[in-house]
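Please read all numbers here as calculations on a predicted model, not as lab measurements. So that the names make sense, note that chain A is the first sequence line, chain B the second, and so on, each numbered from 1.
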Amino acid sequence: MAAEDMGKISDRVRLVFTISSVIFLIVLAVAPLRNLFSEWKYYKREYFRMADGRPDTKKLLADFHPGIDQIWQPNLNVTDRCVTCHQGINQPSLTDATIPQPFRAHPIIPHRATEWGCTVCHRGQGFATEVKEAHQTTLAWEQPILPVRYIQGTCGVCHRTDIPEAPRLARGRAVIEDLSCIGCHKLQGIERPLMLGPDLTNIKNKTSREWIFKWLKDPRTLTDGNGNISVNGYENEDEPRMPRFRLNDTERAALSAFLIDRKSNLIEPYKFDSRVTAAWEKKPDLVDQGETRFRQMFCSTCHSLAVVRGGETQLIGGDIGPELTKVGSKVKPDWLVSWLQNPQAYLPQGLMPRYGWSDEDLYKVNHYVMDRLTDPDLLKDVRIPEQAQANDIQSGNRLFQQKGCGSCHVIAGMKAQKDFGPDLSAEGAKSVSELDFGAAKMPRNLIPYLESKIADPVSVNPNARMPQYHFKEGDLGSVVTAALSMRGTQTTPGIHALVIADARPEYQAAGDFGKAYERYKCYVCHRFNGYGGTLAPDLSYEGSRARQPWITEFLKNPQTLRPTLTFRMPQFNVTDEEARVLANYLALVMQTNRVDLTAHHPEFTSDQASAGKQLYEVTYQCQSCHTIGSAGGYVGPNLINAGNWLNTAWIQEWLTDPQALVPDTIEPHRAFTAEEKSALTAYLVTLKQSGTVKASVPSGGSR
Amino acid sequence: MDTRNPDETEQPGTAVNPDRRDFLNALAGAAFAVAAVGSIAVTVEYLSPNVLFEPPTNFRIGPPENFALDSVTYLPEQQVYIVREPAGFTVISAICTHLGCITQWSEDINMIACPCHGSRFRKNGSVEHGPAPSPLPHFLIGLTSDGNLTVDKLTIVPPTQVFKA
Amino acid sequence: MSASLQSTLKGFCNNRVWRSIFRRAPARTNRTRSIAIFGNLFLHALPVKVREKSLRVRATYYLGSFSFFLFVVLTLTGIMLMFYYHPAAPKAYNDMKDLRFVVSEGIFLRNLHRLAAQAMVLAVFWHMFHVFYRGGYKPPHEFNWVIGVVLLLLTLFLSYTGYLLPWDQLAFWAITVGTNIISYIPILGKPTRFLLLGGHEIGENALLRFFVLHCVILPLAMIVLIALHFWRIQKDGGLTIRESDERK
Amino acid sequence: MSENRKFEAGIGSDFSKDPVRIVFITKKTSAKVRGVLRDQVMSYPHVVLREIIAFELLTIVLVLMALFWDAPLEQLANPLLTPNPAKAPWYFLGLQELLHYFPPIVAGVLIPVLIIIGLVAIPYFDLNVKGEPLWNARRTPRLRIFCGIVLIFLMFFGVYKAWSIFVTTAIIAALAVAGYFVPAGRGSAIEYLRSRSLPWWLMTWFIIMACILTIIGTFFRGPGWSWVWPWR
């Protein structure tokens, strides 16, 4: 009968069915649990609990909403759920460091989080509502939260001009520019200058093969026979512009052979006036006189020398030109003379101005440099064969290209190397797969990559061609910050529209002024309409400030206005004609419309002048910063010749609002009354140094 | 061979106690019913979005100077009118209370007109005529510490409440 | 209590409405059991009677059933996922993020869908090999074997089209590699790829096309062929019983 | 075989070939009933219940895996950035591995098309319906043809330096040929191999090949499709 009951189910199947059904139901019941215990829900509860235990509960929970909070800015491509857990970012009472994260308030910044989101600055994954996914590198998100030390890097994505709120970024940009990284890499916001390293076509005229060999080993002259740096300590020395490449002796011998073998136009030795040579040749104090002249011309404004002070060797002088302590061992005497005579003939794009030398000065300074600024031991450890071998030359040629020397140095007849290194203009947005980690043991992430690569290129890639740099304390971080700010155009269109471009005005001087301007390289130190150096005063408004006769006189004999400064305007020996052209141009063109020179001023009375003197000396104590004659402070310029120097209208405007004329001046902005201003001006225009303005100089008005 | 037609025979149950069997069946049925209800609940939860990609209900509209006196400004993204009168600011919804069309401010007739069914509203949001059943709601407006007006569309205020800036 | 429960249940099942829907008494006799199969749209894919030997686990390992159930799971989870999916780049990718991070049970459903998809490919392959080794392709099952092969290809293609939909790197490059294999077919390859992608490279068009294929065309074809496959099992005389099974 | 052919002319009485159960009874013999009914059970509840169990087990496994194993999601698709290696879905990795060895037209088109045609054609080759062992009859000529074909294949694989395919094929062919030399009735494993039919050997070769290629493609291929060890 059982065989006929074809519906009979065995007990075993029943049992299996029962068990599987029970497990099935349990599993179905368990399935939603994961959602119930999401991380963000935990933080929501924790915040609620924390707020509940504080006196300002009501305020903290005013915007509390038990679900997921997000900031959504479609135009910026921002979908940030960070605020789901970081619930206190806008609560001023939660700024205290004892408040546990993620509830602490955000420091006050110019950008509101609700309008910008969080990930625009901090990176990380805004979509995420889990701690790990939001902050770390995961399969779905490569760019983790930016460490706070690099946070200024994201400022630079939009702010292409330096902003005071991001000093590390500005420093990093400056270091990158100083180190000529642009030679090999494309960089965002940095233009390739006309000249990076010197043209090496005629280096044979300038120096010896031994010196090249030595220089390639360590591009510093301030090393002793053992190669040790004896100045200021290694770390404190600024990294020289020429980095240290990893070259072995064979490679150095080859490169030096190649460079010294270049066919070049031999320079004709300069023929000194025979009377000068005769008069000075035998003088025992020739070299001392040369040194005096060297100092008087303020070469140290641009060049530094090692000086022993208090038992310690220090570098004294500017860093615009190369350091010169041992330059006598480097250059050949004939080359030095022709260089001083006309640097632009050797290096047309160089920064060295063309002085108007007298034969006498040239002879003295040349002798001083060749005799005093030398080190006979410098090249004694260089042992290379006298004659450059053909195979050395050949491999030197190859090395020159392999090492990317042509990226910074020009050699006539050789193709300039462009983009030798990788393009870094979007380095900060690079994905990990674009980075070559090689076999390096480090987290696969952009930030550790940049840190190690810049600190020690070989640590990442043993075959790296990038030279080794030595950074001052903190500079490595600044450089990484600046590199992270280079995101190219890969940022979202919304952000791209917000980019505040770095306006770098090009100032082109033309005509006669242009020739003199180029000859004396005025722009190396002075700034003209935003273009040029910052060592010396900005001359964009010089015409509004200074009177033309004074400018003419100053150019011919630059007496300093601030006698305590090491860096001073050198003595160029400007000719009368050039001084006239320069002064004329500066006075008539370089003006600001804030100062109206044509406005009529009533004559000042002597009462006003004495009232002004009273204000100057008693009421406002101006002498604590300014000197008149020999009395007073050294912070501000010497006003002894203010009457000849400054335009009346400028003084008036300056007293009204100095920062409006020179934004970063330290002159205090005081609220003078109109009478006080007039009185002070009246007093200042009376300050004239007699005899400084010669009658022979034509005044600007006469033209 | 058994000649009985098995199809016609009532088979005795295997369980000794039919009551217990029925009870277990009912229990199983109930468990599956609970599972079904639970599944529906989870599905409903799944289908209710946790985040919305909609324009913010709380937004800044710039400093008061941006709005001329006696002017009505339509903000298309937020769909509100900013009305500035000598008494102060009011913010009125631009969505017709009839069937949700976007109304238009008409300078000529000094009215807010709905293009769909011809409703007309006065500058204070009250209904002039037309099918619209109720006046346009007013939203809360305030001033931030940095001098920007803010509107909160989630808070509806009485039409008499005017913000003096 | 049990008596009252019993009567409640009886009352629940023994009214006109219940019977109008199910049209039968509880299946306690072979006749009512037959009716249960015949009278049910879903169950009548099964024959009324099967050979006892084909019930053994070793006979099938339920691979065909698993394949079918996986298809059911995929259909259900797929429909659920479609509520939060936009076939547009890069919105599709953001939707994946939303499913992961904000939608309640979103990641669970996506996991389920993906797992089931992988499992279905495995199950269908295994099913085919198993049927081969049992000689299930032999007459009279020849045509059903062919349908099975087509179902295998459809399964692969379904899985493949679904691969692109998250619009992540994995999806994009897997599909790039895959579609480039197609273009090696002589003469027809390039046009086929062009049609499939709706362009020369993988972009929004390709995403939309893959979406339509994955969510509409292929599932419909699959449903029709599955029905045919099941129906043919019955019409071809049930599952294959090997002589070795018979002997036992 | 020859016995069966006689009956095939008319109406099939072999139920394994013809599902239409019309039984013709000759006058001289009576119907033979072999208790077929005894072997049958009702689908409801037997099949239905088992299917429900299967479905429940499947759901249990899937749900538990879905709870603890997240579906991968990589970064947003970027047409400018090819990951290295760029891999197809896993079930195509065998094919991609083939593409590494053979010219695209062979690996990308010819082989897949042949596989599909082969699979479709399987039931229509009425060669060995009974699953007769490979070495049961015409042993020596079969061995010659078998070895010849295998050698041609091996040469083809060797030319393209497809060593993983070469080795696998050689091992399987050797196992098949081993059955030729082993007398019947030895150890059970060898006996098992000896009793296998040609289709069995072909399918087994295909499956093992596909598995090995897929595993290599999935786990043993790194950047530039070079060989890597997954545990390194």
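Surrounding CZ of F220(D) are more than 12 heavy atoms belonging to other residues, nucleotides or ligands, all under 6.0 Å away. Annotation: Y101(D), atom OH; neighbour count of heavy atoms from other residues, nucleotides and ligands within 6.0 Å is above 12. A 6.0 Å sphere centred on NE2 of H130(C) holds more than 12 heavy atoms belonging to other residues, nucleotides or ligands. Counting heavy atoms of neighbouring residues, nucleotides and ligands inside a 6.0 Å radius, atom CH2 of W225(D) exceeds 12 of them.
The greatest number of non-hydrogen atom pairs below 4.5 Å with chain C, out of I105(D), V113(D), L99(D), N78(D), is found for N78(D). Ranked by heavy-atom pairs under 4.5 Å with chain D, the first of V57(C), V121(C), V48(C), I37(C) is V48(C). Taking N180(C), L112(C), I175(C), V150(C) one by one and counting their heavy-atom pairs under 4.5 Å with chain D, the maximum is reached by L112(C). If you tally non-hydrogen atom pairs under 4.5 Å between each of Y93(C), Y184(C), F172(C) and chain D, the highest count goes to Y93(C). Per-residue counts of heavy-atom pairs under 4.5 Å with chain D were compared for L122(C), I202(C), V177(C), I182(C); the largest is that of V177(C). For chain D, the option among V146(C), L109(C), V50(C) with the highest count of heavy-atom pairs below 4.5 Å is V50(C). Ranking A66(D), A107(D), A86(D) against chain C, the residue ahead of the rest is A66(D), based on heavy-atom pairs under 4.5 Å. Ranked by heavy-atom pairs shorter than 4.5 Å toward chain C, the options V120(D), L73(D), L62(D) are led by L73(D). Per-residue counts of heavy-atom pairs under 4.5 Å with chain D were compared for S159(C), A92(C), A171(C), A119(C); the largest is that of S159(C).
Inter-residue side-chain proximity for F38(C) and Y44(D) is flagged as unmet; no heavy-atom pair is nearer than 4.5 Å. Considering only heavy atoms from C-beta on, H141(C) stays 4.5 Å or farther from P123(D) through its side chain. Under the 4.5 Å side-chain criterion, counting only non-hydrogen atoms from C-beta, P79(D) is not in contact with E201(C). Counting only heavy atoms from C-beta outward, the side chains of P104(D) and I181(C) never approach each other to under 4.5 Å.
Both the backbone and the side chain of Q118(C) come within less than 4.5 Å of a heavy atom in chain D. Heavy atoms closer than 4.5 Å to chain D are found nowhere in T176(C), neither backbone nor side chain. With a 4.5 Å cut-off on non-hydrogen atoms, V63(D) touches chain C through its backbone and its side chain both. For chain D, the nearby part of I107(C) is the side chain; its heavy atoms alone come within less than 4.5 Å. Heavy-atom distances place the side chain of V149(C), and not its backbone, under 4.5 Å from chain D. Heavy atoms of W167(C) lying under 4.5 Å from chain D belong to its backbone as well as its side chain. Residue L57(D): no heavy atom, backbone or side chain, is found under 4.5 Å from chain C. Of the two parts of F108(C), the backbone and the side chain both hold a non-hydrogen atom closer than 4.5 Å to a non-hydrogen atom of chain D. Proximity to chain C is limited to the side chain of F92(D), based on heavy atoms less than 4.5 angstrom apart.
Listed for the W145(C) side chain is no donor-acceptor partner under 3.5 Å among the backbone atoms of A121(D). Of the possible donor and acceptor atoms, none in the side chain of S43(D) sits under 3.5 Å from a partner among the backbone N and O of L46(C). Looking at N111(C), its side chain does come within 3.5 Å of a backbone N or O of A71(D) through a donor-acceptor pair.
When all heavy atoms of L76(D) and Q169(C) are compared, the closest pair comes out as O-CG, 3.6 Å. Among all heavy-atom pairs drawn from M203(D) and F132(C), the shortest one is CB-CE2, 3.1 Å. Between P72(D) and R114(C), the closest heavy-atom pair is CD-NE, 3.4 Å. When every heavy atom of V109(D) is checked against every heavy atom of P186(C), the shortest pair comes out as CG1-CD, 4.0 Å. When all heavy atoms are compared, the tightest approach of H46(D) to L55(C) is CB-CD1, 3.8 Å. Among all heavy-atom pairs drawn from N30(C) and M42(D), the shortest one is O-CE, 3.3 Å.
The distance from the CD1 atom of I185(C) to the CG atom of L110(D) is 11.5 Å, given to the nearest 0.5 Å. Note that the CD atom of E74(D) and the CG atom of D168(C) stand 5.5 Å from one another [nearest 0.5 Å]. Note: M128(C) CE to L119(D) CG = 4.5 Å, rounded to the nearest 0.5 Å.
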In residues 61-76 of chain C, what donor-acceptor pairs under 3.5 Å come from side-chain atoms, sequence neighbours left out?
residue : atom : partner : partner atom : Å
S65(C)  : OG   : E51(D)  : OE1          : 2.7
S65(C)  : OG   : E51(D)  : OE2          : 3.0
S67(C)  : OG   : L63(C)  : O            : 2.8
T75(C)  : OG1  : F71(C)  : O            : 2.6

- Item | Residues I122(D), E142(C); criterion side-chain contact (heavy atoms from CB on, under 4.5 Å); working and verdict | CA-CA 8 Å; I122(D) 285 175; E142(C) 309 101 304; over 6 Å; no
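Among the residues in residues 204-216 of chain D, those with a non-hydrogen atom closer than 4.5 angstrom to a non-hydrogen atom of chain C are T204(D), F206(D), I207(D).
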